[in-house]
Amino acid sequence: MSTPPHQARKPLRLGRTMLNKVPEVTLFFWTIKIMCTTVGETAADYLNMNLGFGLTNTTIASGALLAVLLVVQFRLRRYVPFVYWSVVVVISVFGTLITDNMTDRYNVPLTTSTPIFAVILAIVFAIWYGVERTLSIHTIFTTRRESFYWLAILFTFAMGTAAGDLVAEKFSLGYGPSIAIWGGIIAAITVGHYALRMNAVLAFWLAYILTRPLGASIGDFMSQHSHKYGGLGLGTTGTSYIFLACILALVAFLTITRRDQTSQTETA
């Protein structure tokens, strides 16, 4: 699914104008996005527990790396696959750690953190729309819009992590059934968009949000082995490396072929 270019009145703009800073929404986009969310789940656990960094050090390190990557991303005037997807991978890890800190350090139950993040995300979208009059990702060509975009992305990961853990573990449904549930909802949204003419922007963001708990459930299913929740038991190390290698290969392919870049000209 994709979102059409916004055709409403000319929006207020803040900062420089540039080419659209996000990729075209294709099968490549959704494939890499789901793999990024999986890495966000497994890499956070790998750094925190397997390498012994601890929750605090892992959060600080990933936050610092995310800040550096965002500076690079914001300085660019167009979409660059390697930089863009590097930000998505790291923001996935950092968003996961936000939820992990609330759950493990501050003992905030998932039944509380999930709606909290949902409300925060709704506020971000409301302010974004109130200022720009569009939430279309085909219009990310100003610094202000890109700021709203990445803020929304951060909280989709935080909320998705909480929602995924809530369904798989708190409700004791297990990783396999969780994959089926989230995948089924995304499939229903896809049908709603293509067959029932659901608003493209709404369909995109609903699917984007739900790919996070889907990816988290896939990551847990592949890395964990639990009699209660299931899983293949590949470990966080192996799962993280597998998906990172796949992401790297796809991003390299897109960099060469430019198959996910919109056809557009520089905007004044």
I'd like to check Ile209 versus Leu121 (side-chain heavy atoms, cut-off strictly below 4.5 Å). Are they in contact? yes

Taken to the nearest 0.5 Å, the spacing of Ile186 CD1 from Leu214 CG works out to 4.5 Å

Reference residue Glu24; test side-chain hydrogen bond (donor to acceptor under 3.5 Å, both in side chains); the match among Arg259, His138, Gln261: His138

Taking Thr99 for its side chain and Ala158 for its backbone only, find out whether a donor-acceptor pair lies under 3.5 Å. yes

Report the distance from atom OG of Ser62 to atom CZ of Phe53, rounding to the nearest 0.5 Å. 11.0 Å

Hey, can you tell me if Trp128 and Tyr149 have their rings parallel, tilted or perpendicular (30° and 60° cut-offs)? perpendicular

Distance-only check: which donor-acceptor pairs under 3.5 Å involve side-chain atoms of residues 241-254, not counting sequence neighbours?
residue	atom	partner	partner atom	Å
Tyr241	OH	Tyr46	OH	3.4

Single-linkage hydrophobic cluster Leu202~Trp30, side-chain heavy atoms < 4.5 angstrom: yes

Assess whether side-chain contact (heavy atoms from CB on, under 4.5 Å) is satisfied between Thr236 and Gln224, documenting all intermediate values. CA-CA 8 Å; Thr236 56; Gln224 306 299 318; 4.1 Å; yes

In the structure I gave you, are the side-chain heavy atoms of Thr139 and Ser136 within less than 4.5 Å of one another anywhere? yes

Where does the angle between the aromatic ring planes of Tyr84 and Tyr79 fall among parallel (under 30°), tilted (30 to 60°) and perpendicular (over 60°)? perpendicular

Tell me whether Val93 is reachable from Leu151 by hopping between hydrophobic residues (I, L, V, M, F, W, Y) whose side-chain heavy atoms are closer than 4.5 Å. no

In terms of heavy-atom contacts, Val39 and Val89 come closest through CG1-CG1, 4.0 Å

How many angstroms lie between NE2 in His193 and OG1 in Thr190, if you round to the nearest 0.5 Å? 8.5 Å

Give, for atom CZ of Arg212 and atom OG1 of Thr156, the distance between the pair rounded to the nearest 0.5 Å. 8.5 Å

Do Val131 and Phe148 have side chains that approach each other closer than 4.5 Å (heavy atoms only, starting at C-beta)? yes

Check Leu97 against Ala44 and note the closest heavy-atom contact, atom names and distance. CD2-CB, 4.0 Å

So, Asp165 and Thr103: side-chain donor and acceptor under 3.5 Å apart, yes or no? no

Are Phe74 and Trp150 packed together at the side-chain level, in the sense that at least one heavy-atom pair is separated by less than 4.5 angstrom? yes

Please tell me whether Val119 and Ile98 are part of a single hydrophobic cluster in this structure, the criterion being side-chain heavy atoms less than 4.5 Å apart. yes

Distance, nearest 0.5 Å, that separates CD1 of Ile189 from CH2 of Trp205: 13.5 Å

Determine whether the aromatic ring centres of residues Phe125 and Tyr129 are separated by less than 6.0 angstrom. no

For the residue pair Ser240 / Thr42, report whether a side-chain donor-acceptor contact shorter than 3.5 Å exists. yes

Would a distance-only check, ignoring hydrogens and angles, find a side-chain to backbone donor-acceptor pair under 3.5 Å from Ser92 to Val88? no

Are Leu232 and Ile218 connected in the hydrophobic side-chain network, where two residues link if heavy atoms are under 4.5 Å apart? yes

When clusters are formed by joining ILVMFWY residues with side-chain heavy atoms under 4.5 Å apart, either directly or through shared neighbours, do Phe117 and Phe171 land in the same one? yes

Side-chain touch Phe204/Val25, heavy atoms, less than 4.5 angstrom: yes

Distance in Å, Asn48 CG paired with Leu55 CG, rounded so as to fall on 0.5 Å steps: 5.0 Å

Thr112 side chain to Val108 backbone, donor-acceptor under 3.5 Å: no

Thr134 versus Arg145: any side-chain heavy-atom pair under 4.5 Å? yes

For Ala163 and Trp182, which heavy atoms make the closest approach, and how far apart are they? O-CZ2, 3.7 Å

Lys21 side chain vs Gln73 backbone, donor-acceptor pair below 3.5 Å: yes

Shortest non-hydrogen contact from Ser223 toward Gly219: OG-O, 2.7 Å

Would you mind reporting whether Ile153 and Tyr208 have side-chain heavy atoms less than 4.5 Å apart? yes

Does the side chain of Ser178 come within less than 4.5 Å of Val167's, by heavy atoms? yes

Going through the distances and angles, do Trp85 and Phe29 end up as a ring pair (Phe, Tyr, Trp, His ring centres under 6.0 Å)? CA-CA 10 Å; Trp85 288 111; Phe29 177 91; 5.6 Å; yes

